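Encoded as structure tokens, the structure appears first; notes follow it.
The shown structure was predicted, so the numbers you read here are calculated from the model rather than taken from an experiment. Along the sequence shown, the residues carry numbers beginning at 1. Indexing begins at 1, ligand by ligand and atom by atom, following the structure's order. Computed from heavy atoms alone, side chains included, the values below leave out hydrogens, waters and symmetry copies.
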Amino acid sequence: MKRRIFLKKATVSGLSIVAVNSLLSCDTSTNVSTSIIASESKAIKPIVIATWRVPNATAKAWEVLQNNGSSLDAVEQGCRVEEAAVANQSVGKGGLPDRDGNVTLDACIMNKEGDYGAVMAVQNITHVISLARKVMEKTPHVILSGKGAEKFAYEQGFEKENLLTESAKKAWEVWKKTAQYKPIINIENHDTIGMLAIDKKGDIAGGCTTSGLSYKMAGRVGDSAIIGSGLFIDNEVGGATATGMGEEVLKTVGSFLIVELMRQGKTPQEACEEAVQRVIKNAGDRYKDFQVGFIALNKAGEIGSYCIHEWFNYQVHTAKENKNYKSDYYNKA
Ligand code: GLY
């Protein structure tokens, strides 16, 4: 694997920031770039960045930005693409169920004003990212859960749908034979979708949506709906979002930590690396058994990504391309 990393100083918006550039090289066996940083220049705007290989989702978000849409509309529309994709077994319709066979979804969204809306443990509604936005914009609250969130969805005109597809049901029936609860690192190379975008006005928004850990206990909620853990946006600084083992992200409030580190002058890459180190420090030897990955975007349009184990990847859409990149990672032993 070829990889060269260059460090150079850049001044962005009055802040002294170490910008990390890299030469891109291509691993032809996987068709995934081995670059740890997607930006060949120090800052790119507008931009959409998302966890995992989700080219259709970032393309949709980009289309919104190109039509002068806001970053909030872009992340909502982008996340909806994966929620509707039944082949994706970790987000939206088609997601793997909990131990009782129920698909329950978590999502949250944040806008440039720092407003937040979230739903958790929601059944029968595919587009929970849009439901989270409704919570943010139409209620005096920031989180609705379970039956209350579902009732609110119907009041807002959302359709009731069966989220358990035949293939997810079959997978659950196979799992039930042993009923061993052992989270899989990089499940199908695809997990929670976290998306960050900067629009043409330079404003940042983010969204995060997931069916959570497959075969989780009924009622379990991970990081994806929790402000500061699965997602955090500060339009003065930047945004971050997480994927992987929600319990571990929650314990470090990882996305908030990354944004605060960027506020102190760290690059998105440095901030993601420090957040992963924090997760590992908290977990001790347990880190070998789970994956956590972060992506981050600062106000200047620089991005960063880091994870514990190999094969977390992320999608970046700029005016130049819609490309998947392999994240750098900690566990190289
Ligand atoms: N990161 C998704 C979850 O743990 O639910």
Side-chain angles (χ1 to χ4, degrees), residues 50-54 57 75 79 82-83 88-100 102-110 118-123 125 128-129 131-132 143 145-146 149 163 168 181-196 206-232 239-258 272 275-276 278-280 282-283 286-287 289-296 305-309 311-314 327:
T51 53
W52 304 106
R53 182 183 290 276
V54 288
V75 297
C79 287
E82 289 304 313
E83 289 175 339
N88 177 345
Q89 293 197 310
S90 51
V91 176
K93 192 172 185 170
L96 290 169
D98 64 16
R99 293 175 191 195
D100 301 340
N102 296 312
V103 180
T104 63
L105 306 182
D106 304 332
C108 78
I109 198 161
M110 285 191 79
V119 290
M120 50 183 71
V122 182
Q123 295 186 36
I125 305 293
V128 280
I129 192 73
L131 188 56
I143 303 174
S145 69
L163 305 182
Y181 183 65
K182 195 167 187 307
I184 303 160
I185 289 172
N186 296 337
I187 182 164
E188 300 170 339
N189 265 351
H190 207 296
D191 189 82
T192 305
I193 301 307
M195 185 177 283
L196 309 167
C208 192
T209 182
T210 190
S211 52
L213 291 177
S214 43
Y215 319 127
K216 60 196 175 185
M217 291 174 72
R220 180 264 186 191
V221 173
D223 60 313
S224 300
I226 307 294
I227 188 170
S229 290
L231 176 75
F232 195 70
T241 187
T243 184
M245 182 62 77
E247 281 75 2
E248 305 299 333
V249 178
L250 282 161
K251 284 187 258 180
T252 49
V253 199
S255 294
F256 180 74
L257 173 63
I258 289 170
C272 287
V276 166
R278 190 78 60 92
V279 170
I280 290 165
N282 274 9
R286 288 187 302 105
Y287 85 87
D289 299 330
F290 63 82
Q291 174 70 297
V292 164
F294 294 104
I295 57 171
S305 156
Y306 203 64
C307 60
I308 300 176
H309 304 285
W311 297 119
F312 167 52
N313 51 64
Y314 59 102
S327 177

### Query
Got an N/O contact under 3.5 Å between Asp223 and ligand 1?
yes
### Task
Output, in order, the C-alpha distance, side-chain angles, deciding distance and verdict of side-chain contact (heavy atoms from CB on, under 4.5 Å) for Ser214 and Gln89.
CA-CA 9 Å; Ser214 43; Gln89 293 197 310; over 6 Å; no
### Query
Should Thr241 and Leu196 count as side-chain neighbours, where that means a heavy-atom distance under 4.5 Å?
yes
### Which of the ligand 1 atoms, numbered from 1, are nearer than 4.0 Å to a heavy atom of Ser224
1 (N), 2 (C)
### Query
Are any of the N/O atoms in Gly212 less than 3.5 Å from those in ligand 1?
no
#### Entry: Polar atom proximity, Thr192 to ligand 1 (N or O, under 3.5 Å)
yes
### Query
For Gly222 and ligand 1, does the shortest N/O to N/O distance drop below 3.5 Å?
no
## Note on the structure
Across all chains, not counting sequence neighbours, the side chain to side chain contact (heavy atoms under 4.5 Å, CB included) partners of Leu257 are Leu261, Ala275, Arg278
### Summary
Taken in chain and number order and not counting sequence neighbours, the residues that satisfy side chain to side chain donor-acceptor pair (under 3.5 Å) with Thr210 are Thr192
### Query
Which bit of Gln291 gets closer than 4.0 Å to ligand 1, counting heavy atoms only: side chain, backbone, both or neither?
neither
### Query
Considering only heavy atoms of Gly244, which atoms of ligand 1 have at least one such atom less than 4.0 Å away?
1 (N), 2 (C), 3 (C), 4 (O)
### Glu83 side chain vs Ile129 backbone, donor-acceptor pair below 3.5 Å
yes
### Query
atom 5 (O) of ligand 1: which protein heavy atom is closest, and how many Å away?
Arg220 NH1, 2.6 Å
### Message
Please check this pair: side chain of Ser255 against backbone of Ser229, looking for a donor-acceptor N/O pair closer than 3.5 Å.
### Response
yes
